[in-house]
J.: 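Following this message is one structure expressed as structure tokens.
Protein chains get the first letters and strands the later ones, always in sequence-line order, with residue 1 at the start of each.
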Amino acid sequence: NAGVTQTPKFQVLKTGQSMTLQCAQDMNHEYMSWYRQDPGMGLRLIHYSVGAGITDQGEVPNGYNVSRSTTEDFPLRLLSAAPSQTSVYFCASSFEGTTGELFFGEGSRLTVL
Amino acid sequence: DAKTTQPPSMDCAEGRAANLPCNHSTISGNEYVYWYRQIHSQGPQYIIHGLKNNETNEMASLIITEDRKSSTLILPHATLRDTAVYYCIVRFRGSTLGRLYFGRGTQLTVWP
């Protein structure tokens, strides 16, 4: 079972470049979300989605865009990368319901020079 | 969602019980308590959650005080592989599951 798959695992960008972090899940989960984690910090919510066509902002949305055209995919776009966006990014998904279990991907480590 | 307070670090001898505390004094009646852990730089892993009653699964036990203002995650027989950052989170029952807010958590170190 693939679960939640993130690509790429590592990426180096120059300031001002744009890129998309991909996230795909094969569990038919309605909920998907993106977090960033900086050294010594917990996870901070960037954007989340409650289903195809529906997205909303989290705690730190500035500089990022998302879309949800299918249930399976939830890409995160950096429009103009800045050094402050150097971080590890995690995508997560879950069923709507009471189990409470978020399934996380392995993370994407992004460095912006 | 209510905020939580956890100690930044704890340690535990291998084979002993690890008891990780969490304060959530502003929790409301509809808010659940969740625990996740993160080993190294891997994605966080769900451990357990509860509302009022104590809960137990194959990984851990969750003890919630009667006033629900605090809880304790118990790893009954800690192993070296339990060394991780443990996050305590409270979530309003009606909020979207994806909107979980993680704090800095507790770094648990299990030593031989």
J.: Applying a strict under-4.5 Å side-chain criterion to I, L, V, M, F, W and Y, I'd like to know whether Phe103(A) and Ile48(B) cluster together.
T.: no

J.: Should Ser41(B) and Gln37(A) count as side-chain neighbours, where that means a heavy-atom distance under 4.5 Å?
T.: no

J.: Indicate if Leu75(B) and Trp111(B) have the same hydrophobic cluster label, given that clusters are the connected sets of ILVMFWY residues with side-chain heavy-atom separations under 4.5 angstrom.
T.: no

J.: Are there more than 12 heavy atoms of other residues, nucleotides or ligands under 6.0 Å from atom CD of Glu106(A)?
T.: no

J.: Quick one: do Val4(A) and Phe10(A) end up in the same hydrophobic cluster if we chain Ile, Leu, Val, Met, Phe, Trp and Tyr together by side-chain heavy atoms under 4.5 Å apart?
T.: no

J.: When only heavy atoms count and the cut-off is under 4.5 Å, which of residues 59-90 of chain A reach chain B?
T.: Glu59(A), Phe90(A)

J.: Check whether Gln107(B) gets within reach of chain A through its side chain, its backbone, both or neither, counting any heavy atom under 4.5 Å.
T.: neither

J.: I'd like to know if Ile63(B) and Tyr46(B) are part of one continuous hydrophobic network [Ile/Leu/Val/Met/Phe/Trp/Tyr, side-chain heavy atoms within less than 4.5 Å].
T.: no

J.: Does a side-chain heavy-atom distance below 4.5 Å link Leu43(A) with Tyr87(B)?
T.: yes

J.: Are Tyr31(A) and Ile54(A) linked, directly or through other ILVMFWY residues, by side chains that come within less than 4.5 angstrom of each other?
T.: yes

J.: Determine, step by step, whether Tyr36(B) and Phe104(A) satisfy the side-chain contact (heavy atoms from CB on, under 4.5 Å) criterion, reporting the C-alpha distance in whole Å, the side-chain angles of both residues, the deciding distance to 0.1 Å, and the verdict.
T.: CA-CA 11 Å; Tyr36(B) 285 77; Phe104(A) 282 83; 4.2 Å; yes

J.: Check each atom of Arg44(A) against the heavy atoms of chain B and say whether the ones under 4.5 Å are side chain, backbone, both or neither.
T.: neither

